[in-house]
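Heads up: numbering here begins at 1 and tracks the sequence.
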Amino acid sequence: MAAAATVSGLVAAGALSGAGTAAADEAPQTQGGATATINGLKTYGEAVIHEDGGDQRVEAGLFEMSVDGGGTLQTYCVDLHNPTQRDARYQETPWTGTSLGANQDAGRIRWILQNSYPQVNDLAALARRAGAGTLTEQDAAAGTQVAIWRYSDHVKVDAVDPQAEKLADYLQKSAGGLGEPRASLTLDPPAVSGRPGGLLGPVTVHTNAAGVTVTPPADASTSGVRITDKNGKAITSAKDGSRLYFDIPEDTATSPAHAFGGGGSTAQLTVQASTTVPVGRAFASDSRSQTQILAGSSESTVSATATATWAAEGAIPAVSARRNCAKSGVDIIAANQGDQPFTFELMGAEHTIPAGAVRTVTIPLQEDQAYDFTITGPHGFSQRFTGVLDCKTQGAITTQTARIHNEPSPATVGGSTAPDTDLAATGGSAITPLIAGVAIGFVVIGGAVLVLLRKREQPEG
């Protein structure tokens, strides 16, 4: 029983085309954890980037994010040449889903985060270690960001303030390598499949929280689907390492509440916790807003979901996706717990998952390419995946790039005063694109007027 996958990808400048069926379940490439909205720069100073085309001043320091469900995050940028988009949504992401995955200096960046502001909030002690005299919060944030950029973007950049520059030099020279921190909360695998009349799973909880709450499907009371342990005992809470199962009644295959057509069905569980997100976790956005790395976290709400698919016969697919920056693409993880092969097509190539097997298919994409594709299968199965591949830091920063993007305006409290007009990238005013557009418009109009006047001045033939 075969499944056809429709794939369409457009470069960043284009719009997404309508790939897949309208009934497809959309599945962003998230592995769970914290989801947050960026609020902008909150504590920052200034830096100078030295490029072949000349020097350019930028704002450098700590961003703040508001976590869905409650909590606040502090982050630094690890993607200097991409601007931040106003109110961009971010998801906690493994390093492999960002430019950090292919960066041999990623561990040094985490060391800097662990050994500088705001993790080290004794600024006098930090200044002594760096030989920096006296450090303000703004100096500490700017110096830390500059040191991070030297490893994340491998650029020549200096802090404007001499004390901040001494801190940056100290952090760069002292940085050792640390491993990637564990996720705040994930479920592995995020999708399972099988036959009704038994337990589907396990789905393993990975978290740094003391415990998580387990929420069964919304209509569990009428469908009979339960979330249990391996012995079939219903559970509503779990901890790190717990294994969760979907208990599917045998007659649920034809349940209207869960059916996706032809005798197949699906259900979803959610786990949630309150915890501090580990320092060094990456945060990425599908709006191509610059990638961030966590510097500090309040107690924050984190969550993750897992999906179960079941059918009485044939191929029974379970499909999930994740970004793979090492291979410049998106991995499709397809499992088949049915009794027949599951065949689907991606990017012109046919793939077959034997009964009882799991395969990973990597879809190659261009950097900054938007993608939107749907995988369909037996029993009406349909899974849609959308997103943008953002794996690299850009090659060169320009004033034009800073002007044409809508960036968060920097806060005036706890940071610098109103920015100079030549500041770019991470903190430019959101009105700058409007001013630039109006100015260009006036130039075009003026040129047209001059052409008309010259034509009028020419003597008739």
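Between Leu100 and Thr291 there is no side-chain heavy-atom pair separated by less than 4.5 Å. Using a 4.5 Å heavy-atom cutoff, the side chains of Tyr90 and Thr75 are not in contact. Side chains of Gln292 and Val78 form no contact here, defined as non-hydrogen atoms less than 4.5 Å apart. For the pair Val155 and His81, the minimum side-chain heavy-atom distance is below 4.5 Å. Counting heavy atoms from C-beta outward, Glu299 and Thr276 have side chains that approach closer than 4.5 Å. Residues Asp169 and Val146 have side chains not in contact (no heavy-atom distance under 4.5 Å, counting atoms from C-beta outward). Using a 4.5 Å heavy-atom cutoff, the side chains of Glu180 and Pro94 are in contact. By the 4.5 Å heavy-atom criterion applied to side chains, Tyr76 and Leu62 are counted as neighbours.
Relative ring orientation between Phe385 and Phe373 is described as tilted, the plane-to-plane angle lying within the 30° to 60° band.
Side chains of Glu92 and Ser184: a donor on one and an acceptor on the other come within 3.5 Å. Side chains of Asn39 and Ser66: a donor-acceptor N/O pair is present below 3.5 angstrom, by distance only. His50 and Asp158 form a side-chain donor-acceptor contact under 3.5 Å, judged by distance and modelled atom types alone. For the residue pair Asp68 and Thr35, no side-chain donor N or O sits within less than 3.5 Å of a side-chain acceptor on the partner. Under 3.5 Å, the side chains of Ser287 and Ser289 contain no donor-acceptor pair of N or O atoms.
Cys77 and Leu80 make their closest contact through SG-N, 3.6 Å (heavy atoms, listed as atom of the first residue, atom of the second, distance). Summarising the geometry of Val192 relative to Ala318, their closest heavy-atom pair is C-CB, 3.6 Å, with the distance given to 0.1 Å. Here the closest heavy-atom approach between residue Ala164 and residue Leu135 is recorded as N-CD2, 4.3 Å. Here the shortest heavy-atom pairing between Ala34 and Phe283 reads O-CE2, 3.6 Å. Contact record, Thr309 with Leu200: O-CD1, 3.8 Å, taken as the closest heavy-atom pair. Taking all atoms of both residues into account, the shortest heavy-atom contact from Pro278 to Arg182 is CG-O, 3.3 Å.
For Arg323 and Glu367, the salt-bridge test fails: no basic side-chain N is under 4.0 Å from an acidic carboxylate O. A salt bridge does not link Arg150 with Asp105: none of the charged nitrogens is closer than 4.0 Å to a carboxylate oxygen. Remark: Asp372 engages Arg384 in a salt bridge, criterion side-chain N to carboxylate O under 4.0 Å. Salt bridge annotation for Asp390-Arg288: absent, with no cationic side-chain nitrogen under 4.0 angstrom from a carboxylate oxygen.
When atom types are taken as modelled, the side chain of Trp111 and the backbone of Ser174 share no donor-acceptor pair closer than 3.5 angstrom. Of the possible polar contacts, one joining the Arg108 side chain to the Ala175 backbone as a donor-acceptor pair under 3.5 Å is found. No donor-acceptor pair under 3.5 Å is formed between the side chain of Ser300 and the backbone N or O of Gly71. Remark: side-chain polar atoms of Arg226 are paired, donor with acceptor, to backbone N or O of Gly232 under 3.5 angstrom. No donor-acceptor pair closer than 3.5 Å links the side chain of Gln172 to the backbone N or O of Ala147. With Ser298 contributing its side chain and Thr72 its backbone, the two residues share a donor-acceptor pair below 3.5 Å. Side-chain atoms of Thr43 do not come within 3.5 Å of backbone N or O of Gln138 as any donor-acceptor pair. Side-chain atoms of Asn103 come within 3.5 Å of backbone N or O of Tyr151 as a donor-acceptor pair. Using modelled atom types, no side-chain atom of Asn231 and backbone atom of Lys233 make a donor-acceptor pair closer than 3.5 Å.
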For Asp79 and Ser99: C-alpha separation, side-chain torsions, deciding distance, then whether side chain to side chain contact (heavy atoms under 4.5 Å, CB included) applies. CA-CA 8 Å; Asp79 191 8; Ser99 61; 5.6 Å; no
How far apart are the C-alpha atoms of Thr207 and Val271, what are their side-chain angles, what is the distance that settles it, and do they pass the side chain to side chain contact (heavy atoms under 4.5 Å, CB included) test? CA-CA 10 Å; Thr207 183; Val271 295; over 6 Å; no
Determine whether Phe381 and Ile316 satisfy the following criterion, side chain to side chain contact (heavy atoms under 4.5 Å, CB included), listing intermediate values before the conclusion. CA-CA 9 Å; Phe381 173 85; Ile316 311 174; over 6 Å; no
Go through it in stages, so that I can follow the logic: the residues are Ser116 and Leu167, the test is side chain to side chain contact (heavy atoms under 4.5 Å, CB included), and I'd like the CA-CA distance, side-chain angles, deciding distance and then a yes or no. CA-CA 9 Å; Ser116 190; Leu167 175 61; 4.1 Å; yes
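In this structure, CD1 on Ile332 lies 8.0 Å from OG on Ser320, to the nearest 0.5 angstrom. Interatomic distance, Leu185 CG to Asp240 CG, rounded to the nearest 0.5 Å: 9.5 Å. With rounding to the nearest 0.5 angstrom, the SG atom of Cys391 is 8.0 Å from the CG atom of Asn324. Taking CD from Gln119 and CD from Gln74, the interatomic distance works out to 8.5 Å, rounded to the nearest 0.5 Å. To the nearest 0.5 angstrom, Lys42 atom NZ is 12.5 Å from Met65 atom CE. Remark: Asp139 CG to Leu123 CG distance equals 9.0 Å, nearest 0.5 Å.
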